[in-house]
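Data first, discussion second: the structure below is written as structure tokens.
Heavy atoms only: backbone and side chains are in, while hydrogens, waters and symmetry mates are out.
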Amino acid sequence: MGVLTVATPVKWEESIKHLPYVREHGVLQFMENYKKCEDFSRDGLLYGDELEYGILKIDPVNKKIQLSLRGKEIMDTLNSREPGVEGASAGRCNWVPEYGSWMVEATPAVPYDGYVSGLRSIETNMRLRRARLLAALRPDEIAPTMVNFPLLGVGDFAGAGLKTGGPAAASRFVPDEVINPHPRFGTLTANIRKRRGRNVKIMVPLFKDEKTDTTPEEGAGGSPGIFMDAMAFGMGCNCLQVTFQAQDVAESRHLYDQLAVMAPIMLALTAATPIHKGKLADWDARWFIIEQSVDCRTPAEKGERDDRKGDDETAAVYDERMAGGGKRPISKSRYSGISQFICNHKGGEDPHSCTELYNDVEAEIDEDVKATMVADGMDELLASHLAHLFCRDPLVIFEEHIEIDDATRTDHFENIQSTNWNSVRWKPPPPRTNGDPHIGWRTEFRSMETQITDYENAAMTVFVVLLSRVLLSFDLNLYIPISKNDENMHTAHERDAASRSKFWFRSHLAVPDIEECGHSKEGACPIHDDPNRVEQMTVAEIMMGKGTYFPGLIPLITAYIDTVGLEGETRDKVMCYLELIEKRSTGELLTPASWMRKFVTTHPDYKQDSIVPESVVYDLAMRCQEVGLGEHPEPELLGKVQITPIRAIEPYSIPLARIDTRGSKHTFKLLQRYAERGRLHKERKSLEKELAAAKGIVEDCEEKLTEIDAKLNESDGFMPGYERHRLDSSTIRLNESPHPAASPLDGAPAAPKFA
């Protein structure tokens, strides 16, 4: 979430008259800015991550857990402390608001640079953010990096006395108080609902256990599954995003296309959302929940029948001033996977990366917008992308910022751009005023889910960063048809998709050499014969390779870091990150969603009915907190990785200042005390040495005893000719002796018989 405008938002009914103006001037603002920035080139790699956190309030005595609606207060506290952070080693963080009043978002204050040393800074800064957030919490608050609060919409999850059915969300499950108090968020919630003419309807398939009740919920219209009715259920989900500055506009478009193919794969690998509204879902990921939660399309735009009257308060009101009159069919929610590729790679001359081969689904556009941009000199491919964004209405218009200077501001463009939430986002440079730093063309990767530990979050971030370098350095081609990419997005939600499901992926990352096929003397096999072939692969195959023709992304990343000379501790850390991703893809390590599902289904309070009791959610949240802070190892998630504990103590840098104790009567006592501490430390070390020596003597004795026992056991009292049997028979049998003269010892009694 970027910087929020301090102004008065306009209600939907009043904003309708401004919609055409905002759309028209949004186009003009983009084109004005585009002309100023299109020649930006040779910008260096800069990148940064965004992490979102949810603040929870706990009652350990009664095992109760709720949202803590102090997000803004905590954010303000954290930002007030940042200016006092001095020294490059300390690191700086930026704290910004998020949709929920229990949420905060944090980023590094400055981007990471394009050097290999920056790869190690990522986890360090993430840990710093967690420590600083921890220091701002009350004793009864925790901030585990869980994607969503599993009890949102259940009971008094937000505190007693809060009523549902407020004017913004009009929800039967959540009160408006869970929405961030900044007026933009409440207005956005209400305007989505009013534009579509009814509350949002979110349906999630229910996980069916032995005793699951599948009766449709009230209000779900007879649809089975988990029913939710407010934006908070979607926009209350936390995610991990990574933004790259590209060298120029062409590179930013190329990264947009290539990373769009990776979005479903990384969604599956980071899946961490198996519980909604107190029930186990049959999905592992959040994406489709958010997609439904902000779907502002009218029934006509969705292709649904709408028989309600216009005077009904909940009915859609169509108006010619809305985009497409509110009736033009739109196939996707404004939160979705991308609808078209936008790069004319190599000037469109490469037949294998020509977007015409892959843009195989309809992407609705505003024809007037496209015509305006093409007439002003923009290529048709990029003009189509922008015209697709502008087939939707702005959702929040600020009264004080309607008529602005199109030559110096891009507010109306960003109004449309920022509320088209796709799996990747292409980001033009913002307008510059005197003193503003240079910012180039950027691409934002948006599909990943927040992980339980900073180690995992850093691993996913580093992987995407290095993959972007591999794609550019080796000029690789990941294009698959958009229809297949959409299918992959559905697959990514399946349970255990990272280790069990198959995704459409390109067979050849570069044009294959048919002569190297070796299939037959007469010609290549079907795999090599079609350079644009796509096939279904497991995530493990995508990551580690398939057959002799697909090398795998991780080996290619390894080749890249070998080429750039990544060595020492940085290389070791990166290889550990890659190992985590590989083991997740094979199922050797669990995704957070699989781990959470197992935690719930094996908890003694779970009744095999798909309902997750508050006691289980409490234990799950506490365990996530402990794992994230390095207080509890979790080998099913992390293998042998041990998280160094994170503490709230001194998460800011402390200057090595001189302390003036001259004239203090306590100085002598202080020196005496620390002299005694020194003596005790010395004595402790001496005792440790003596203990180690004693342990060595004990180990030597134990080794000698073992040797003696082994020699004693060489003969266990049985004479030759006897076979020792387990005592599992009704008799003890005597083996026939190999020596005829052998007999029991003279005078010895006959062997007893057991009945």
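In this structure, N422 contributes its side chain and S336 its backbone to a donor-acceptor pair below 3.5 Å.
Using modelled atom types and a 3.5 Å distance limit, the side chains of R442 and S252 yield no donor-acceptor pair. No donor-acceptor contact under 3.5 angstrom links the side chains of Y335 and S293, judged on distance only. Between the side chains of W595 and E634, at least one donor N or O sits under 3.5 Å from an acceptor N or O. For the residue pair Y577 / E123, a side-chain donor-acceptor distance below 3.5 Å is found, with atom types taken as modelled. At a cut-off of 3.5 Å, with distance as the only test, no side-chain donor of T145 or Q451 sits close to an acceptor on the other residue. Using a 3.5 Å distance cut-off with no hydrogens or angles, the side chains of N420 and R392 do pair a donor with an acceptor. With no hydrogens or angles considered, no side-chain donor-acceptor pair links D284 and H493 at under 3.5 Å. No side-chain donor from either of T410 and Q29 sits under 3.5 Å from a side-chain acceptor of the other. Side chains of Q245 and W441: no donor on one and acceptor on the other come within 3.5 Å. Of the N and O atoms on the side chains of D49 and T461, not one donor lies less than 3.5 Å from an acceptor on the other residue. Side chain to side chain, E449 and T273 meet the donor-acceptor criterion of an N or O pair below 3.5 Å. For the 3.5 Å distance criterion, the side chains of S594 and D496 qualify, holding a donor opposite an acceptor.
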Does the pair M266 and F445 meet the rule for a side-chain contact (heavy atoms from CB on, under 4.5 Å), with working shown? CA-CA 10 Å; M266 298 309 295; F445 188 70; 3.7 Å; yes
Set out, in order, the CA-CA distance, both residues' side-chain angles and the distance that settles salt bridge (Lys or Arg N to Asp or Glu O under 4.0 Å) for R409 and E414, then state yes or no. CA-CA 10 Å; R409 301 270 294 273; E414 288 297 338; over 6 Å; no
Evaluate salt bridge (Lys or Arg N to Asp or Glu O under 4.0 Å) for R334 paired with D295, printing each intermediate quantity in order. CA-CA 6 Å; R334 58 199 304 154; D295 191 352; over 6 Å; no
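Considering only heavy atoms from C-beta on, I179 stays 4.5 Å or farther from M231 through its side chain. Counting heavy atoms from C-beta on, the side chains of I404 and H412 come closer than 4.5 Å. The side-chain heavy atoms of R623 and I452, taken from C-beta on, include no pair separated by under 4.5 Å.
In this structure, N33 and P428 approach most closely via the heavy-atom pair ND2-CB, 4.4 Å. Smallest separation of non-hydrogen atoms from L78 and A136: CD2-CB, 3.8 Å. The heavy-atom pair separating V574 from L119 by the smallest distance is CG2-CD1, 4.1 Å. A232 and L152 get closest at one heavy-atom pair: O-CD2, 3.6 Å. Of all heavy-atom pairs spanning C237 and E52, the tightest one is O-OE1, 3.4 Å. Across every non-hydrogen atom of D436 and R432, the tightest pair is O-NH2, 3.2 Å.
Aromatic pair F149/W102: ring centres not closer than 6.0 Å.
Between K201 and D229 there is no salt bridge, since no side-chain N of the basic residue sits under 4.0 Å from a carboxylate O of the acidic one. A salt bridge links K72 with D76; the closest basic N to acidic carboxylate O contact falls under 4.0 Å.
Under the 30°/60° scheme for interplanar angles, the aromatic rings of Y47 and Y112 are found to be tilted. Aromatic ring orientation, F185 versus H182: perpendicular (interplanar angle above 60°, classes split at 30° and 60°).
Taking the centre and axis of the six-membered ring of Y618, the NZ or CZ atom of K64 falls outside the cone set by 45° and 6.0 Å. In this structure, R597 satisfies the cation-pi test against F207, with its NZ or CZ atom closer than 6.0 Å to the six-membered ring centre and inside 45 degrees of the ring normal.
Atom CG of N180 sits about 7.0 Å away from atom OG of S101, to the nearest 0.5 Å. H401 contributes atom NE2, which lies 8.5 Å from atom OG1 of T8 (distance to the nearest 0.5 angstrom). Annotation: the span from R495 atom CZ to L280 atom CG amounts to 9.5 Å, rounded to 0.5 Å. From E631, atom CD reaches atom CD of Q625 across 7.0 Å, with rounding to the nearest 0.5 Å. Once rounded to the nearest 0.5 Å, the distance linking CD of E399 with NZ of K11 reads 11.5 Å. We find the CH2-CD1 distance between W283 and I226 to be 9.5 Å, quoted to the nearest 0.5 Å.
Results of the side chain to side chain contact (heavy atoms under 4.5 Å, CB included) test with Y53 over R129, M103, E98, M146 single out R129 as the only residue that passes.
Within 6.0 Å of NZ on K332 lie more than 12 heavy atoms contributed by other residues, nucleotides or ligands.
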